[in-house]
Protein chains: 2
Amino acid sequence: MSENKQDTEEQIFEAASRVFQRKGYAGARMQEIADEADINKSMLHYYYRSKDKLFQKVYQREVSRFFPVIFKVLGSERPLDEKLEHLIDTYYAFLDENPRIAQFIIHEMSQHPERFRKFIREKGIQPPERFSRQISEEIDRGRMKKVDPRQLLISIVGLILFPFVARTMVELLFDLDEEQFLDFLNERKAFLVDFILNGINYKGHE
Amino acid sequence: MSENKQDTEEQIFEAASRVFQRKGYAGARMQEIADEADINKSMLHYYYRSKDKLFQKVYQREVSRFFPVIFKVLGSERPLDEKLEHLIDTYYAFLDENPRIAQFIIHEMSQHPERFRKFIREKGIQPPERFSRQISEEIDRGRMKKVDPRQLLISIVGLILFPFVARTMVELLFDLDEEQFLDFLNERKAFLVDFILNGINYKGHE
DNA sequence: ATAAAATTCAACTGTTTGGTTGAAACAAAA
DNA sequence: TTTTGTTTCAACCAAACAGTTGAATTTTAT
């Protein structure tokens, strides 16, 4: 009962998380998860009753990890340029550790929009109002162009996520090996801060 | 033999294309394809010998449609601002007709990178050199900021594709129905031209 | 008219896969 | 010690699924 139980249960969960993120729900096999966890397949059903239940727990956890990372930073009190830099650093660090999470969520989200809707409602996940307010303020004070905060939010998130989501495409089109791809990502951080702040004509607050 | 043959074969192909794009390879069912094509399942194997062969033909066609749309425009002779506007118009029109193609390609590409590599080599698909040259020229003439053309290319493509790839996310986070989402996309066209040209500090050529 | 190809359909096969079972070994708590 | 929970394993079952077959019907070419 004691520690072995938690260990095994967690071991299964983490293995399932990796396999589901690699293959998606339809492509994942219970046997592959068992192999990845280095346990017998019976244990999967012993702890989680079905593939679907196991998947939902994994999915729910990943969704709850994915969005707060963005929204917490965007909802903070910092000035826009600092906030952007902080977001890019934080999100890149997170995505380096979880390189498949974005693609996983995007794919499963579009397979089962109702489930996604349910989860974000339950968890109360939503873009921070403070971000929109901040954008409006900056516009009013003449510190940046007039833009729709939603367009800006989607652009920022898209610019950050896209290389992770379309990694294979980037690697093959530019003929990059893994190391060169990581260099590309690192260079991208500075590029993005500059590109986005210029894009909205941000003037800071001297 | 004549026209019925081609009709049915094409009917199967188009149905398969839709189902594979909706569900992905692993999630697609041969029966669902047959139903969608409104023919008997036997016909699938009569024309295409296996699920895998049918999929590969669909995949190959979609890949050959997807990339040239971007690369042809980017490789044209126009000035940068016109080119960008033209790209956004062209690509949005294409994506309106094929709303799932980006996600489909991205997902299957990362499931089988070798296959993707093989296809783009055979088809000779690669980002147009003329685009890189043009960027270098514009930088040399002081018409824009110094940027890595690759970073710019990925940014442009990412900004365009992301709302399609993550459509469910956009709709649910901003609470948009289908019509409102289409409005969002339409507003995005003007936003993007402006955002990108500002992002690289483009000064035109008066 | 005749032959050849296209199409339909139901029924079938073989494989993959999710899920179950039961017995045996082990560990830990009571 | 007794009891309860954990773990392993091989074998198994039932459902889903890809793929096949063969006979009957229709369409098209010659």
Side-chain angles (χ1 to χ4, degrees), chain A residues 1-62 100 104 107-108 111-112 114-115, chain B residues 1-62 104 107-108 110-112 114-115:
Chain A
M1 19 184 103
S2 61
E3 80 178 343
N4 276 346
K5 170 172 180 175
Q6 289 174 11
D7 277 4
T8 306
E9 195 169 346
E10 203 181 302
Q11 206 175 335
I12 293 174
F13 191 82
E14 295 305 329
S17 175
R18 288 193 297 275
V19 173
F20 280 134
Q21 287 191 56
R22 272 206 306 268
K23 301 291 184 69
Y25 177 81
R29 299 288 164 250
M30 293 298 267
Q31 187 59 57
E32 188 179 351
I33 294 174
D35 292 347
E36 177 106 10
D38 204 36
I39 51 110
N40 193 275
K41 198 181 63 161
S42 312
M43 282 290 95
L44 298 186
H45 298 93
Y46 183 76
Y47 284 111
Y48 306 89
R49 300 160 32 119
S50 68
K51 183 185 182 183
D52 194 73
K53 287 200 169 62
L54 177 54
F55 174 79
Q56 293 221 34
K57 292 205 171 175
V58 167
Y59 179 67
Q60 195 156 12
R61 186 189 70 171
E62 299 308 328
R100 295 180 182 269
F104 170 69
H107 186 252
E108 299 302 336
Q111 291 299 306
H112 300 283
E114 345 69 45
R115 178 154 61 195
Chain B
M1 26 173 105
S2 61
E3 82 178 340
N4 275 343
K5 170 171 179 176
Q6 289 174 12
D7 277 5
T8 306
E9 195 169 345
E10 203 182 302
Q11 207 175 335
I12 293 173
F13 191 81
E14 296 305 328
S17 175
R18 289 193 297 275
V19 173
F20 280 134
Q21 287 189 55
R22 272 205 307 268
K23 301 292 184 72
Y25 178 82
R29 300 288 165 250
M30 292 298 268
Q31 187 59 57
E32 188 180 351
I33 294 173
D35 292 347
E36 177 105 11
D38 203 35
I39 52 110
N40 193 275
K41 199 181 62 164
S42 313
M43 283 291 96
L44 298 185
H45 298 91
Y46 183 75
Y47 286 111
Y48 306 89
R49 300 163 30 121
S50 68
K51 183 185 184 183
D52 195 74
K53 286 198 170 63
L54 177 53
F55 174 80
Q56 294 221 31
K57 292 204 172 177
V58 167
Y59 179 68
Q60 195 156 11
R61 186 190 69 171
E62 299 308 328
F104 169 70
H107 186 251
E108 298 302 336
S110 85
Q111 291 300 306
H112 299 285
E114 345 69 46
R115 180 155 59 194

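Convention: sequence-line order gives letters A, B, ...; per-chain numbering from 1.
Of the candidates C:dG18, D:dA18, D:dT7, the closest approach to any side-chain atom of A:Met43 belongs to D:dT7.
One interatomic measurement links the two molecules: CD1 of A:Ile33 to C1' of C:dG18, which rounds to 11 Å at whole-angstrom precision. Taking atom CD of residue B:Glu10 and atom C1' of nucleotide C:dA6, one finds them 16 Å apart after rounding to whole Å. The nearest whole Å value for the distance from the CD atom in A:Gln11 to the C1' atom in D:dT6 is 13 Å. C:dT21 atom P lies 16 Å from atom CG of A:Leu44, rounded to whole Å. What separates NZ of B:Lys41 from P of D:dT20 is a distance of 10 Å, to the nearest Å. If you take CD of B:Glu32 and P of D:dA16, they are 15 Å apart, rounded to a whole angstrom. Taking atom CZ of B:Phe55 as the reference point, atom C1' of D:dG19 lies 19 Å away to the nearest angstrom. As rounded to whole Å, 16 Å separates atom C1' of D:dT6 from atom CG of A:Asp38.
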Next on the checklist: Walk me through whether A:Phe20 and A:Phe104 qualify under ring pair (Phe, Tyr, Trp, His ring centres under 6.0 Å).
Outcome noted: CA-CA 8 Å; A:Phe20 280 134; A:Phe104 170 69; 7.3 Å; no
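Using modelled atom types and a 3.5 Å distance limit, the side chains of B:Asp52 and B:Ser50 yield no donor-acceptor pair.
Distances shown here put every side-chain N or O of A:Ser42 at or beyond 4.0 Å from the OP1 or OP2 atom of C:dT20. For A:Tyr46 and D:dT7, the shortest distance from a side-chain N or O to OP1 or OP2 is not below 4.0 Å.
Between A:Arg115 and A:Tyr59 the shortest side-chain heavy-atom distance falls below 4.5 Å.
Environment of CZ in A:Arg49: sparse, with no more than 12 heavy atoms of neighbouring residues, nucleotides or ligands closer than 6.0 Å.
Residue order along DNA chain C, read from the 5' end via each residue's closest nucleotide, puts A:Ala28 first among A:Asn40 and A:Ala28. The 5' end of DNA chain D is approached more closely, in terms of each residue's nearest nucleotide, by A:Ile39 than by the other of B:Arg29 and A:Ile39.
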